[in-house]
Amino acid sequence: MSEQVLQDATASALAADAADERLISNQGLSGAVSAFVVRLRGGELGMIPVIIGLVVIALVFQLNEPTFLSSKNLVTMLQFAAPVGVISLGIVLVLLLGEIDLSVGSVSGFAAASMAVLMDSRGWGLVGAMAVGILVGTAVGLLYSLLYTKIGVPSFVFSLAGLLAFQGALLYVLGDKGTVVLPQDSALRSFAREKFLSDVQAYALLALVVAAYVAVNLLTIRRRRAAGLTPPSLTVVLVKGGLLLVGLGWLTYYLGIDRGWGYLFVLFAALVVVMDLALRRTRWGRHVFAVGGNEEAARRAGINVRGIYVSVFALCSTFAALGGILIAGQLTSVSQSSGTTDTNLTAIAAAVIGGTSLFGGRGSAWAALLGIVVLQSIQSGLNLMNVDSSVRFIVTGLVLLLAVAIDSVSRKARSSSGRG
Amino acid sequence: MSTVATPVRESVLSLTGINKRFGAVQALSNVSLEVGAGEVVALVGDNGAGKSTLVKVISGVYQPDDGAITFAGRRISVGGPSDAQALGIATVFQDLALCDNLDVVANLFLGQEWRRGAFIDEIGMEREAWRLLRTLSAKIPSVRIPIAGLSGGQRQTVAIARSLVGNPKVVMLDEPTAALGVAQTAEVLNLVERLREQGLGVILISHNMADVQAVSDRIVVLRLGRNAAEFVTSQTSTAELVAAITGASDNVVTARAQKTSERRGETHE
């Protein structure tokens, strides 16, 4: 049979990947939609639960508090989501390896405090102090990776130790001052609080993003056709590009009624896009997924497993430090409570709620963005309703539980439909 | 014990006088093995006979204490698994070492991804994946599904196809059919024949006498870390093989086989 099929396939010039007779071909727009439905049934939920969750959250809060979906509130929400989202991006990386870092909050606080104290007491400039703050994060990550790869301490343990130790380091660096306020004219403060894209900038950026998306996909279609493989449908690409244009365009317009897109959020979104590309399209990213999926297989394939661990732990702590510095800019000060439990758990919960599996090898950089937006909107909604923070913690806890439950159920659906 | 020494075609890989000792255990003593281009050599032996140790010596996981390895006419030393790969000795391990969460293309090129600038060349790799799978006449419906969605035989196919990515001269298969059903075993044996047709030297490690006799050209028997015998497959009976493996012509296995054949009134071929 196989010989026959193969000859037929070459004779009729069918694309190499469409030759197998068992394949159900899905062509054009309707094909894309039905393939999508099949994927959902098979437990390949992707971002769907998060997006449904966001819609439900928006409906519930909007009905209770009509200012929830106002442009002012949305802008504030995105601004406050961004710095913790940056920390969460690092958590996504660590979770992809099936590890955890419980100390990101403490590290963010310690890095921010190092920067603030250098500026305040030593009179350093912003750039130098920020560089030191970020390098503090990188150094912590390198130390972690040393503990992990050389000594074999589990990540849960050394990051728990780091959680305590760096909180202590934060207190030590701040000394008896307790709170260090950033200078009034600091560029970091205005970047995190006052800088927003103008309408022209925002629409230009929007056009650039959509154009890049469509161009990359058109190029893929051309290259796949030239290589004798089934190209993705042109209609689907154009429809998706159109949806992206309309969706982002409307959001830009709506946020523009208030202050618009903040620099802070644009920076976060750019980091997400860069990490997404790095994870899906570079060798390093492929190797991160491989180590998270089957470390032994990765080692035998000649992958530098130790190097992957070092790079991921270092990146995670670096993102934590950057996030802490941005939070400091946003709150204009560093205090003894900077980066304590709340930041820590929010960052970790966001990565999980966004759809990153706790078991390694499954997830995406977008999880950080979606997850933090979900958590921030819950927090913002409850704040608007003047609910006590006790309720806020309980609700956040339940949402986290729900997210992990969805992850577990979709894992089961995946294994019963052969998608691992 | 019949030892048939037939000169092989142009030898690709040959090991002579290999010794390997672990503490008080002499795992391999004075073992030799030779594989020619386009030849399937089966390596058989009981548990503890030294098969795995020999495989690991060839694939560079262990260094032999003594002995010479000649590859493509050159004396070599294999310092590590990546050395072996670079030389052109590919190994398909028994546990396959595939990443369940990655798709077929990603697994085929794992650790040696093609690049276009800074990014992975997905399209080139996918095309090459189809070419490789086609040379093996492999039946994989799509190369864009995660390994977790494939059957045992298909996974074995992917693992074998992966060993071909670096254009090796010798492929070692460690128990490729151990976990497979009847049809899937046949499929994998077909793959072994494809490898031979392409002029590769194949070393097949197996416990299954039927598989060994079905595809191999020569059979090398190891017992207690020594070369016990070597057979040309077409001139060998199962009874002879079993005798060489167990080291006795009358043992429980042959006795039982004899009883069965007498009862059925037929002879073993």
Side-chain angles (χ1 to χ4, degrees), chain A residues 1-3 5-6 9-10 15-24 42 44 96 219-220 222-231 277-278 280-287 289-304 357 359-363 414-415 417-420, chain B residues 59 61 80-82 85-86 91 93 95-103 105-131 133-151 159 162 165-166 187 190:
Chain A
M1 171 219 112
S2 62
E3 291 296 320
V5 171
L6 275 177
T10 38
D17 55 340
D20 198 295
E21 58 187 34
R22 287 166 296 176
L23 270 184
I24 304 148
E44 202 84 335
L96 280 178
L219 200 66
T220 308
R222 221 181 63 191
R223 284 192 55 221
R224 281 186 73 91
R225 192 169 285 144
L229 301 167
T230 342
L277 278 180
R280 287 188 309 117
R281 291 276 172 257
T282 68
R283 294 178 83 164
W284 173 80
R286 179 62 49 84
H287 295 174
F289 277 98
V291 172
N294 186 343
E295 187 180 330
E296 186 52 33
R299 183 170 293 123
R300 286 205 212 140
I303 291 172
N304 179 358
S357 172
F359 309 97
R362 205 172 271 283
R414 276 199 302 271
S415 60
S417 69
R419 282 171 170 273
Chain B
S59 62
V61 178
S82 49
Q85 253 163 32
T91 314
F93 292 97
D95 64 355
L96 304 185
L98 299 171
C99 290
D100 275 0
N101 58 333
L102 296 180
D103 65 18
V105 176
N107 267 289
L108 283 177
F109 293 88
L110 195 62
Q112 39 195 341
E113 290 86 2
W114 292 10
R115 268 189 301 189
R116 264 172 69 95
F119 296 119
I120 292 181
D121 179 12
E122 290 284 358
I123 294 168
M125 277 172 20
E126 184 169 339
R127 192 167 57 165
E128 176 67 8
W130 282 112
R131 195 192 64 76
L133 291 171
R134 217 174 294 134
T135 61
L136 294 172
S137 304
K139 295 177 200 156
I140 305 272
S142 163
V143 292
R144 285 298 175 198
I145 45 177
I147 291 295
L150 299 181
S151 72
R162 175 161 82 177
V165 166
E187 212 171 293
N190 284 342

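- The number of heavy-atom neighbours closer than 6.0 Å to CZ of B:R144, taken from other residues, nucleotides and ligands shown, is above 12.
- Note: B:R115 CZ to A:R281 CZ = 15.5 Å, rounded to the nearest 0.5 Å.
- Remark: of the listed residues B:L110, B:D95, B:L96, B:D95 is the sole one forming a side chain to side chain contact (heavy atoms under 4.5 Å, CB included) with A:R300.
- Using modelled atom types, no side-chain atom of B:N101 and backbone atom of A:R362 make a donor-acceptor pair closer than 3.5 Å.
- Under the 4.0 Å criterion applied to side-chain N and carboxylate O atoms, A:R223 and B:E122 are not assigned as salt-bridge partners.
- The distance from the CG atom of B:D121 to the CZ atom of A:R283 is 11.5 Å, given to the nearest 0.5 Å.
- To the nearest 0.5 Å, atom CG of residue A:N294 and atom CG of residue B:D100 are 7.0 Å apart.
- Only the backbone of B:A118 has a heavy atom closer than 4.5 Å to any heavy atom of chain A.
- Comparing B:N107, B:V61, B:L98, B:I120 by how many heavy-atom pairs each has under 4.5 Å with chain A, the most go to B:I120.
- Heavy atoms only, all atoms of each residue included: B:I123 and A:L229 are closest at O-CD1, 3.9 Å.
- Nearest heavy-atom pair across B:R127 and A:A226 is NH1-O, 4.4 Å.
- In terms of heavy-atom pairs under 4.5 angstrom with chain B, the leader among A:N304, A:I303, A:T282 is A:T282.
- Minimum heavy-atom separation, A:A290 to B:C99: O-SG, 3.5 Å.
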